[in-house]
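What follows is a short report on a single structure.
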Amino acid sequence: MADMTEIAEGVALVLAPNPSLMTGPGTNTYVVGAEPEGCIVIDPGPDDIHHIETVARIAGERGGVRAILITHGHPDHMMGAARLRSCTGAPVAAWSREGVSVADQELVDGARVSTGAGAVRAVYTPGHRFDHLCFWLEPSGALFAGDLLAGAGTVVVAPPEGDMQAYLASLQRLLAEPPSLILPAHGPAIADPVGKLQEYLDHRLMREQQVLTGLARGLATVAELVAAIYADVDARLHPVAAGSVLAHLQKLEREGRVIAMPDGRWRLMA
Ligand SMILES: [Zn+2]
């Protein structure tokens, strides 16, 4: 079937038709499970009728949908949730109703949901967004990573929804108990989870060092720091980079390493 790929044992991938600069090839919707217990759907994706009907049909062939799980409340992950719920009758579950207003159930860290492919466990991993969950497929140790990591494109960490300190802590948490395989919401599967988690941490810490070096050189605004640090990056991504620089500055401020001035400028703590 052209619209579905069996990406791991008991896991079907259905690619949503929403490619863009930020989503890469589009959102990966995962259908996890098999008869007789049935499936869960992770991130139904955008509200595209054909995509949602395809997901419902594939899940129907595997014993039906037990629950619709949302990694976080960004539109490219959850806008199709209400339509999939009305097609299947399955409840929508997410970290919070504050993050995902259509959620019927809130999942705490460690909550388990059973499927025909074994239990899936929620792992609270804020940073990209305050309500971000990853889902651990317990039998194989594969991790549905949402937007914590990406197989394609870039992960945005920008205030007020994003928090760099929380993001780095979430990466560290997974590095301490690494999955066997990472199935991101955008792009291909990541077969070397430890290497990729470490690469993400190293990259963010390099950017943090560049922010500190820029401040030491007398750069004082987010725009000045972006122009210096992201000179070699596609200018279309500079607004995203500005969010990331602000996220680094807020983390450093909390750590007592930089000070925010009333005029919007920043400087190193003396
Ligand atoms: Zn997102």
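- Rounded to the nearest 0.5 angstrom, N28 CG and L183 CG are separated by 8.5 Å.
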* Asked: Checking side-chain contact (heavy atoms from CB on, under 4.5 Å) for the pair R57/E61: CA distance, chi angles, key distance, verdict?
  -> CA-CA 6 Å; R57 175 175 52 76; E61 290 162 1; 3.6 Å; yes

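- For the atom pair OG1 of T125 and CH2 of W95, the computed distance is 9.5 Å after rounding to the nearest 0.5 Å.
- Taking all atoms of both residues into account, the shortest heavy-atom contact from F135 to V120 is CB-CG1, 3.5 Å.
- A pairwise comparison of heavy atoms in P159 and Q250 identifies CG-OE1, 3.4 Å as the closest pair.
- In this model, a donor atom of one side chain and an acceptor atom of the other lie less than 3.5 Å apart for D43 and T71.
- Here the CD1-CD1 distance, from I52 to I68, works out to 8.0 Å after rounding to the nearest 0.5 Å.
- Taken to the nearest 0.5 Å, the NE2 atom of H203 stands 11.0 Å off from the NZ atom of K196.
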* Output, in order, the C-alpha distance, side-chain angles, deciding distance and verdict of side-chain contact (heavy atoms from CB on, under 4.5 Å) for E255 and L252. => CA-CA 5 Å; E255 293 170 352; L252 291 166; 3.9 Å; yes

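- Here the two rings, on H77 and H186, have centers that are under 6.0 Å apart.
- Side-chain contact check for V41 versus L84: some heavy-atom pair is nearer than 4.5 Å.
- Checking side-chain atoms of S180 against main-chain N and O of S140 turns up a donor-acceptor pair under 3.5 Å.
- Side-chain contact check for R204 versus E208: every heavy-atom pair is 4.5 Å or farther apart.
- Contact of the T115 side chain with the C39 side chain is not registered, since no non-hydrogen atoms from C-beta on lie closer than 4.5 Å.
- Taking the side chain as every heavy atom from C-beta outward, V14 and H51 approach each other to under 4.5 Å.
- For H248, the ring-ring contact (aromatic ring centres under 6.0 Å, His included) criterion is met by no residue, not counting sequence neighbours.
- For the pair R97 and D104, the tightest heavy-atom approach, listed with the atom from each and the gap, is NH2-O, 2.9 Å.
- By the 4.5 Å heavy-atom criterion applied to side chains, L249 and E253 are not counted as neighbours.
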* To do: Start with the C-alpha gap between R83 and E53, add the side-chain angles, then the distance that decides, and say whether salt bridge (charged side-chain N to carboxylate O under 4.0 Å, His left out) holds.
  => CA-CA 9 Å; R83 185 183 299 276; E53 286 179 347; over 6 Å; no

Return all side-chain donor-acceptor pairs below 3.5 angstrom for residues 228-239, not counting sequence neighbours, or 'none' if the list is empty.
{"from": "D234", "atom 1": "OD1", "to": "R236", "atom 2": "N", "distance (Å)": "2.9"}
{"from": "D234", "atom 1": "OD1", "to": "R236", "atom 2": "NE", "distance (Å)": "3.4"}
{"from": "D234", "atom 1": "OD2", "to": "R236", "atom 2": "NE", "distance (Å)": "3.2"}
{"from": "D234", "atom 1": "OD2", "to": "R236", "atom 2": "NH2", "distance (Å)": "2.8"}
{"from": "H238", "atom 1": "NE2", "to": "Y230", "atom 2": "O", "distance (Å)": "2.9"}
{"from": "H238", "atom 1": "NE2", "to": "V233", "atom 2": "O", "distance (Å)": "3.2"}

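- For the 3.5 Å distance criterion, the side chains of D147 and H72 qualify, holding a donor opposite an acceptor.
- Two residues are said to be in side-chain contact when any heavy atoms from C-beta on lie closer than 4.5 Å; F144 and V11 meet this criterion.
- You'll find the side chain of P179 stays beyond 4.5 Å of the side chain of L181, heavy atoms only.
- Annotation for Y200: hydrophobic cluster partners, listed by chain and number, are V123, W136, L143, L148, L149, V155, V157, M164, Y167, L168, L171, L174, L175, I182, I190, V194, L197, L201, L205 (ILVMFWY side-chain heavy atoms under 4.5 Å, direct or chained).
- Between A119 and R112, the closest heavy-atom pair is CB-NH2, 3.8 Å.
- For R217, the CZ atom sits in a loose shell: 12 or fewer heavy atoms of surrounding residues, nucleotides or ligands are nearer than 6.0 Å.
- With a 4.5 Å cut-off on side-chain heavy atoms, V245 and R207 do not count as touching.
- Of all the heavy atoms in A152 and P25, the pair that sits closest is CB-CD, 3.9 Å.
- Within 6.0 Å of the CD atom in E9, the count of heavy atoms belonging to other residues, nucleotides or ligands does not exceed 12.
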* To do: Run the numbers on R62 and V31 for side-chain contact (heavy atoms from CB on, under 4.5 Å), then give the verdict.
  => CA-CA 9 Å; R62 295 164 169 247; V31 180; 4.2 Å; yes

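- Within the model, atoms CG of D131 and NE2 of H128 stand 9.0 Å from one another, a figure rounded to the nearest 0.5 Å.
- Looking only at atom types and distance, the side chain of N18 has a donor-acceptor partner in the side chain of T27 under 3.5 Å away.
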